[in-house]
Number of protein chains: 2
Amino acid sequence: MPDREGHPELTEIELGKVLSALADPLRRRVVRELAGGPDGEARTCSSFALPVGKATVTHHFRTLREAGLIRQVDRGNSRMATLRRADIEDRFPGLLSLLVAEGVEEAGGAGGVGDAGGAGGVGPAV
Amino acid sequence: MPDREGHPELTEIELGKVLSALADPLRRRVVRELAGGPDGEARTCSSFALPVGKATVTHHFRTLREAGLIRQVDRGNSRMATLRRADIEDRFPGLLSLLVAEGVEEAGGAGGVGDAGGAGGVGPAV
DNA sequence: TCCAAGGTATGACTTGCATCGTACCTTGCG
DNA sequence: CGCAAGGTACGATGCAAGTCATACCTTGGA
C-alpha cells in the first residue's frame, strides 16, 4: 500500500501507470533530466523550469510520484525529488535508457542508441 | 512521411506516441500477445477478442499502427496485423520485453523478469 | 446473385487529463 | 514578527481520448 505521501512500494509499481506517466512530454523531461544526472540527485520541483504554472507542476510531480518513478521528501521550505533509479531498473530494466536516448537524439546526436538496453550505465559514472 | 495507410517509417517512430499507445491496457494486451507469438505472425483484429465494439477495435488498431507498433496489410476479406518487432527493437531496445514480462507476472508467474532487457529473445525461438 | 462476415467511417457521448487562477499553508529570513 | 518563496488544495475550463450505435463498403462463399 502506498504511504501517505503516495509513494507505491517496489512491487506495487505498475507498468500501466508508469507508461501513462511517461506519455506526457513534460514528465518525460523531468525523468530524463534526473536519469541523466548523478544517482540520488535531489532537485526541487521548480529547478526544472517547466513552462507551466505552479499548480500544474504540482500535478505532474504527483503523477510521477504515484506512478513510482520519483520519490519526494520534505526538506524545510522545499520538496526535493529524487529518481527511484534502482526500483525502476529492477522492475523495468532498460526503460530509463530509452528516455535518456530520446533526449540524446533530440539534442542533435547521431542516430542509434549505442549500448542502451543494458541494466547499468544509465547515469553518468558516479 | 507515413504511407497512406498511416504506417510511420522507422526513423519516424516517436517515443511519445509509442508510450501513449502503450498506456492503454487493451492495446498493451494486443502488443503483448503479438510479442509473445512467433516473429512475423499475422492475426486479424477480431482474433484478439477485445471486450469492446468493432468500431473501438478499429480505433485501437489505428492508434497502434500510427504509433509504428504494428503493420496492417489487407488480405482479402480481413486485415492482418503483424508486430514491427525488428523496428521496435531497433529504436527502443528492451521495450517489448517489459510488455511480455507484464503478462507473465499477471499470469501468476514468479517475481522477476529473468533475462528481460536483452535485445533478442523476446519471442519464442522461431 | 445474394447474403453473411470483417473492417471502416462518422457522429455523439462521457470521461479523463492538462492547464490555469486563486487561496492557503509552511518554512526561512530579515 | 512580518513577509517573500516554494508547494499544495480546490474549483473551473477546454481539449483529447475511449466508447458506442449506426451506416456503409468489400470480400468470399452458398
Side-chain angles (χ1 to χ4, degrees), chain A residues 2-7 14-34 41-83, chain B residues 2-7 14-34 41-83:
Chain A
D3 60 13
R4 60 211 139 286
E5 285 189 340
H7 296 102
E14 296 170 29
L15 181 58
K17 292 212 171 112
V18 168
L19 292 179
S20 295
L22 294 177
D24 186 276
L26 252 27
R27 290 193 291 258
R28 214 155 55 237
R29 168 170 147 188
V30 168
V31 174
R32 190 190 317 132
E33 287 193 27
L34 283 172
E41 182 188 27
R43 295 177 55 177
T44 66
C45 302
S46 59
S47 74
F48 293 91
L50 300 183
V52 290
K54 279 202 303 179
T56 306
V57 171
T58 297
H59 161 70
H60 283 312
F61 274 83
R62 180 210 301 274
T63 303
L64 287 171
R65 184 193 339 136
E66 294 181 348
L69 288 167
I70 65 172
R71 201 179 294 275
Q72 275 181 296
V73 288
D74 277 4
R75 195 191 111 178
N77 202 358
S78 301
R79 196 142 189 202
M80 311 302 282
T82 62
L83 183 65
Chain B
D3 61 12
R4 57 214 137 287
E5 285 187 341
H7 297 101
E14 297 170 30
L15 182 58
K17 293 213 170 113
V18 168
L19 292 179
S20 296
L22 293 178
D24 185 277
L26 251 29
R27 291 193 290 258
R28 214 155 56 237
R29 168 170 147 187
V30 168
V31 174
R32 189 190 318 132
E33 287 193 27
L34 283 172
E41 182 189 27
R43 294 178 55 177
T44 66
C45 303
S46 58
S47 75
F48 293 90
L50 301 183
V52 290
K54 280 201 302 179
T56 306
V57 171
T58 298
H59 162 69
H60 284 310
F61 275 82
R62 180 210 303 272
T63 303
L64 288 172
R65 186 195 336 142
E66 294 181 349
L69 288 167
I70 65 170
R71 202 179 294 276
Q72 276 181 295
V73 288
D74 277 3
R75 197 191 110 178
N77 203 357
S78 301
R79 195 141 190 205
M80 310 303 281
T82 63
L83 184 66

Looking at [X], I'd like to know whether one of its side-chain N or O atoms comes within less than 4.0 Å of OP1 or OP2 on [N].
X: A:R27; N: C:dA18; answer: yes
X: A:S78; N: D:dA5; answer: no
X: B:T63; N: D:dA17; answer: no

Item to check | side chain to side chain contact (heavy atoms under 4.5 Å, CB included) partners for B:T63, two or more places apart | outcome: B:A21, B:R27, B:H59
Can you see which heavy atom on [X] is nearest to which on [Y], and at what distance?
X: B:E41; Y: B:E33; answer: OE1-O, 4.5 Å
X: B:T44; Y: B:S78; answer: CG2-CB, 3.9 Å
X: B:F61; Y: B:A81; answer: CE2-CB, 3.9 Å
X: B:L34; Y: B:T82; answer: CD1-C, 4.5 Å
X: B:P51; Y: B:R29; answer: CD-NH1, 4.0 Å
X: A:L22; Y: B:L19; answer: O-CD1, 3.4 Å

Interatomic distance where [atom1] belongs to [X] and [atom2] belongs to [N] [whole Å]:
X: B:L50; N: D:dC20; atom1: CG; atom2: P; result: 11 Å
X: A:D24; N: D:dA17; atom1: CG; atom2: P; result: 12 Å
X: B:H59; N: C:dA12; atom1: NE2; atom2: P; result: 18 Å
X: A:L26; N: C:dC20; atom1: CG; atom2: P; result: 10 Å
X: A:N77; N: C:dG30; atom1: CG; atom2: P; result: 13 Å
X: B:F61; N: C:dA9; atom1: CZ; atom2: P; result: 15 Å
X: B:R28; N: D:dA17; atom1: CZ; atom2: P; result: 17 Å
X: B:R79; N: D:dG28; atom1: CZ; atom2: P; result: 15 Å

Next on the checklist: Please check: side-chain N/O of B:R43 versus main-chain N/O of B:M80, any donor-acceptor pairing under 3.5 Å?
Outcome noted: no
Base, sugar-phosphate, or nothing for [X], non-hydrogen atoms under 4.0 angstrom?
X: B:T58; value: base
X: B:T44; value: sugar-phosphate
X: B:T56; value: base
X: B:H60; value: sugar-phosphate
X: A:D74; value: nothing
X: A:R75; value: nothing

Item to check | Nucleotide nearest B:A55 when distance is taken to its side chain, options D:dC10, D:dT22, C:dG6 | outcome: D:dT22
Checklist entry - Mapping A:K54 and A:G76 onto DNA chain C by nearest heavy atom, which one lands closer to the 5' end? => result A:K54
Item to check | Rounded (10°) bend between the five-pair end axes of the helix from C:dT1-D:dA30 to C:dG30-D:dC1 | outcome: 10°
